[in-house]
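Within every chain, numbering begins at 1; the chains are lettered A, B, ... in the order of the sequence lines, protein sequences first and strands thereafter.
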Amino acid sequence: MTDDGYLRIGELSQRTGVAPALLRAWERRYGLLHPGRSDGGFRLYGDGDVDRVRRAQQLIAGGVSAAEAARLVLADADVEDDLDTPLASTPLLDAVRRLDDVGANAALDRLLARFSTDTVITDVLVPALHEIGELWARGELTVGQEHFASAIVRGRLLALGRGWDQGAGASAVLACPPGERHDIPIVMLGLGLRARGWRVTVLGADTPLESIDDAAARVGADAVVVAALMPGVLDDHADALRMLAARRRLVLAGPGASAAQAAEVGARYLEGDPIVAAGALAALVG
Amino acid sequence: MTDDGYLRIGELSQRTGVAPALLRAWERRYGLLHPGRSDGGFRLYGDGDVDRVRRAQQLIAGGVSAAEAARLVLADADVEDDLDTPLASTPLLDAVRRLDDVGANAALDRLLARFSTDTVITDVLVPALHEIGELWARGELTVGQEHFASAIVRGRLLALGRGWDQGAGASAVLACPPGERHDIPIVMLGLGLRARGWRVTVLGADTPLESIDDAAARVGADAVVVAALMPGVLDDHADALRMLAARRRLVLAGPGASAAQAAEVGARYLEGDPIVAAGALAALVG
Amino acid sequence: MTDDGYLRIGELSQRTGVAPALLRAWERRYGLLHPGRSDGGFRLYGDGDVDRVRRAQQLIAGGVSAAEAARLVLADADVEDDLDTPLASTPLLDAVRRLDDVGANAALDRLLARFSTDTVITDVLVPALHEIGELWARGELTVGQEHFASAIVRGRLLALGRGWDQGAGASAVLACPPGERHDIPIVMLGLGLRARGWRVTVLGADTPLESIDDAAARVGADAVVVAALMPGVLDDHADALRMLAARRRLVLAGPGASAAQAAEVGARYLEGDPIVAAGALAALVG
DNA sequence: ATAGGTTTTGTCAAGCTTTTGTACAT
DNA sequence: ATGTACAAAAGCTTGACAAAACCTAT
């Protein structure tokens with residue numbers, strides 16, 4: 001930010017036509033600029049500051065008060081930040097903190113408009129949900145805020161998946177085993193598969209293994225994915241898994257499962273985040 | 001709502017021609033405006049307030065009493081609030097008329113949040129673009145507005161299609177022949193195919209037929225779709241089409257082609273709107 | 001560094017017009033130069049030193065303080081040293097060659113995640129599109145591949161521009177004149193203006209000048225930009241341009257226009273790539 | 001519409017420091 | 001050539017002020 005600060009106040013004044021004293025007043029009163037400083041304390045401005053001052057001037061010329069002009073320019077600067085570091089999860093986290101439904105959806109809108117679903121999931125949502133978990137563990141977020149985040153993210157992801165059971169590609173049935181309540185990862189995995197041309201059926205959280213078998217038969221699944229976040233939830237189901245693996249290509253995923261456990265029941269284990277896992281599964285079957 | 005309040009009463013007065021004292025009176029007596037306040041207590045108005053005052057002025061000029069005018073303006077505002085007209089293209093068209101990018105995208109957001117891509121294309125976008133064409137022909141829309149609409153719709157559709165060449169399904173190459181500049185229908189067709197599990201490569205408008213052949217070879221296409229809106233653009237390319245048809249499953253589509261013409265070069269003809277055509281092609285190959 | 005030292009301070013002073021005492025001061029204070037020494041202790045400068053001094057002079061003439069000028073010259077030298085190329089367009093071009101939509105979008109995702117939109121446009125997209133044009137001219141890319149690249153780039157840029165007509169800044173209407181079909185540059189220009197706080201309305205390629213006038217009135221444009229890539233497309237429109245220029249601040253841009261042509265119709269001409277032009281326009285109006 | 005009080009905002013001054021080109025003595 | 005000195009130009013902070021714009025209440 002102050003990285004490219006190199007204009008002194010006189011030159012900024014020359015370039016914009018705003019008197020030095022006024023520039024200092026705008027800084028002091030409205031925080032319009034945050035120039036770096038030379039060793040001796042002189043203000044050093046960058047090119048972006050020239051833009052900001054010009055924008056403020058335009059607004060003031062248009063009848064807006066100085067204070068409001070500064071506020072608008074600063075708000076715009078947020079938009080710029082968004083343009084410059086679009087993959088940050090901060091806007092989303094802020095909205096979650098405020099329980100701001102509209103803000104959270106707007107943040108997701110911006111992301112999904114700019115980036116592929118794969119990228120948004122891998123680079124924003126997975127880290128964001130992880131961080132939300134940590135904040136909750138440290139007591140910096142309430143359970144309510146965490147639920148709020150989950151609900152919004154799940155809702156948006158499911159909306160993206162609309163119609164994902166249609167088509168002609170390979171078919172996958174995704175589910176969490178009984179006792180596992182975190183279904184967002186399998187929805188992400190489903191989107192990853194969908195992007196790779198698969199047909200996807202998501203059964204959701206806390207699903208009895210017989211139901212999974214039944215659903216797999218019904219849609220003629222080419223693969224069945226059982227994902228577990230929490231360790232141990234699969235422990236009591238070795239027999240059911242073995243049976244499932246005997247009939248379908250069974251895949252375990254998530255940190256609650258392991259390659260060893262998968263091997264034991266005749267399944268494969270997929271490592272990594274949901275998108276990586278989707279890629280691996282597609283490679284496996286394709 | 002008061003989020004965008006930034007005009008002070010003097011500027012609002014300047015922009016509307018209504019004296020500040022009168023603006024305050026309207027606020028006090030009829031609640032016409034609800035400006036925010038600065039820290040020091042100054043009123044801060046937003047763009048919407050300018051509109052309201054202007055509408056009230058028009059009504060008063062038309063002979064309505066001030067109290068009544070305020071009531072009407074406020075009632076009107078209420079109507080604007082509940083825009084529950086799910087599948088109508090009116091909000092989109094209104095936004096296009098106003099060259100309102102945000103409004104148009106918001107309208108599309110609402111549609112896409114509620115309905116499948118197929119539905120939005122068939123029931124909203126195709127009719128809307130058709131109507132835009134008619135309005136343009138009748139001189140009720142300018143070319144600029146039509147371009148504006150095309151750009152937004154094309155942009156959104158392409159965003160929906162991002163990543164559509166990935167996967168394991170059948171592969172299609174879509175293009176418009178030389179001279180044909182309307183590529184939105186093939187993008188729609190591509191989305192229809194994608195929803196049916198296909199891999200899609202769109203070459204776009206105005207593409208030489210040799211390029212199409214080259215691309216088809218490169219991606220190993222199972223089908224090649226050449227779509228023409230304007231009659232006659234395919235007339236000079238019978239030989240090239242014949243050659244293309246000899247190597248790939250060639251399909252012609254759009255009102256600029258015909259079943260007879262297709263038969264003549266050894267291709268199939270797909271009737272109907274892009275989604276119907278996608279369904280037909282999927283049935284044909286699947 | 002000082003391997004070919006052969007200029008004494010008097011000669012360096014002659015060539016640059018900077019007094020010897022000042023050269024010594026710059027060396028002592030800012031470490032701008034590191035001359036070798038003769039046996040007798042005389043400073044011996046090389047060709048690079050002449051450049052450095054000249055660059056410092058230019059910066060100082062441009063209003064930068066001596067200390068900052070020296071810092072910038074030295075930093076510049078550092079940058080020249082490490083030719084990292086994370087900004088290469090090769091992954092994008094490779095993906096285009098393969099008609100690989102996912103690959104191309106992933107390449108753009110990576111770029112946009114790491115660099116500002118301005119940087120990606122100036123340093124990657126403009127050169128990449130230029131190179132694609134050349135490859136096409138040399139027959140190393142087909143028209144289909146070129147269309148494919150355009151569609152992806154245009155789609156991503158438009159996605160970045162979502163909502164760009166919102167805000168409180170100055171407003172610009174951008175369009176290409178009739179016959180000009182390359183609209184990507186104006187979209188880039190629009191993004192450049194957006195990053196500088198402007199509200200942007202893009203009408204697109206091949207737009208009649210009356211439409212532009214109409215749109216400018218509708219959004220209350222502070223500037224109208226008409227951009228032409230191909231020479232001659234503006235030739236038949238001198239009257240219409242003159243009229244436009246009479247009502248709005250009209251700006252011509254692109255290699256298909258010229259300063260002379262602009263002057264003739266009462267418009268300004270903007271040189272350079274779209275981002276440079278955006279900066280110039282912002283400076284003009286601000 | 002007026003009166004009387006408040007807020008906003010551009011400007012200025014005083015007293016002191018930093019920066020920088022040049023000059024002088026060694 | 002070096003080191004020190006110096007003075008003009010440009011900047012910094014604090015505090016204050018006055019005109020313009022706005023407030024409420026009568």
> How many Å lie between CG on A/Leu23 and C1' on D/dC12, as a whole number?
15 Å
> Closer than 4.0 angstrom, basic N to acidic O: yes or no for A/Arg54 and A/Asp49?
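Result for this pair is no, no salt bridge flagged.
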> Give a yes/no answer on whether the side chain of C/Trp26 brings an N or O atom under 4.0 Å of OP1 or OP2 in D/dG21.
yes
> If you only use heavy atoms from C-beta on, which nucleotide in D/dT11, D/dT18, E/dA1 is closest to the side chain of A/Ala19?
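Nearest to the side-chain atoms of A/Ala19, counting from C-beta on, is D/dT11.
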> Using whole Å, what does the distance between atom C1' of nucleotide E/dA10 and atom CD of C/Glu68 come to?
15 Å
> Which nucleotide in the set E/dT13, D/dT22, E/dC23 lies at the smallest distance from any side-chain heavy atom of A/Arg24?
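Given the options E/dT13, D/dT22, E/dC23, the side chain of A/Arg24 is closest to E/dT13.
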> Classify C/Ala67 by what it touches in the nucleic acid, base, sugar-phosphate, or nothing, heavy-atom distance under 4.0 Å.
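Here C/Ala67 touches the backbone only, sparing every base.
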> Is any N or O donor-acceptor pair between the side chain of A/Arg37 and the base of E/dG11 shorter than 3.5 Å?
no
> Would you say a side-chain N or O of A/Tyr30 is under 4.0 Å from OP1 or OP2 of D/dT8?
no
> Where the side chain of A/Phe42 is defined as all heavy atoms beyond and including C-beta, which of D/dT9, E/dA10, E/dC22 is the nearest nucleotide?
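Among D/dT9, E/dA10, E/dC22, the one nearest the side chain of A/Phe42 is E/dA10.
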> For the pair made of CD1 in C/Ile9 and P in D/dT22, what is the distance, rounded to whole Å?
13 Å
> Hey, does the side chain of A/Arg43 come within less than 4.0 Å of E/dC12's phosphate (OP1/OP2), counting only N and O?
yes
> For A/Arg29, which contact category applies under a 4.0 Å heavy-atom criterion: base, sugar-phosphate, or nothing?
base
> Round to a whole Å and report the spacing from CG of C/Leu59 to P of D/dT20.
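For the pair C/Leu59 CG and D/dT20 P, the rounded distance is 13 Å.
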> Can we say A/Asp51 and C/Arg196 salt-bridge, meaning some charged N sits less than 4.0 Å from an Asp/Glu carboxylate O?
yes
> Closer to the 5' end of DNA chain E via nearest nucleotide, is it C/Gly41 or B/Pro20?
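On the 5' side of the pair lies C/Gly41.
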> Please figure out whether C/Arg28 or B/Ser38 has its closest DNA chain D nucleotide nearer the 5' end.
B/Ser38
> Could you state the atom-to-atom distance from CG of A/Leu33 to P of E/dC12 in whole Å?
12 Å
> Taking CG from C/Leu22 and P from E/dC6, how many angstroms apart are they, rounded to a whole number?
20 Å
> Is the closest basic N to carboxylate O distance between B/Arg8 and A/Glu68 below 4.0 Å?
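The answer is no: the pair does not qualify as a salt bridge.
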> Under 4.0 Å between a side-chain N or O of A/Ser65 and OP1 or OP2 of E/dA21?
no
> Between B/Asp94 and B/Arg98, does any NZ, NE, NH1 or NH2 come within less than 4.0 Å of an OD or OE carboxylate oxygen?
no
> Looking for any heavy atom pair under 4.0 Å, which part of the strands does C/Arg8 touch: base, sugar-phosphate only, or nothing?
nothing
> Could you work out which one of E/dC23, D/dG21, D/dG10 sits closest to the side chain of C/Ala66?
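Ranking E/dC23, D/dG21, D/dG10 by closest atom to the C/Ala66 side chain puts D/dG21 first.
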> Decide, yes or no, whether a salt bridge links A/Glu140 with A/Arg97 under the criterion of side-chain N to carboxylate O below 4.0 Å.
no
> May I have the distance from B/Glu11 (atom CD) to D/dT9 (atom P), rounded to whole angstrom?
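My rounded result for the distance is 14 Å.
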> Quick one: A/Leu7 CG to E/dG11 P, roughly how many Å, whole number?
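Taking CG of A/Leu7 and P of E/dG11, I get 11 Å after rounding.
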> Can C/Asp213 and C/Arg247 be counted as an ion pair, charged N to O under 4.0 angstrom?
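Salt bridge: yes.
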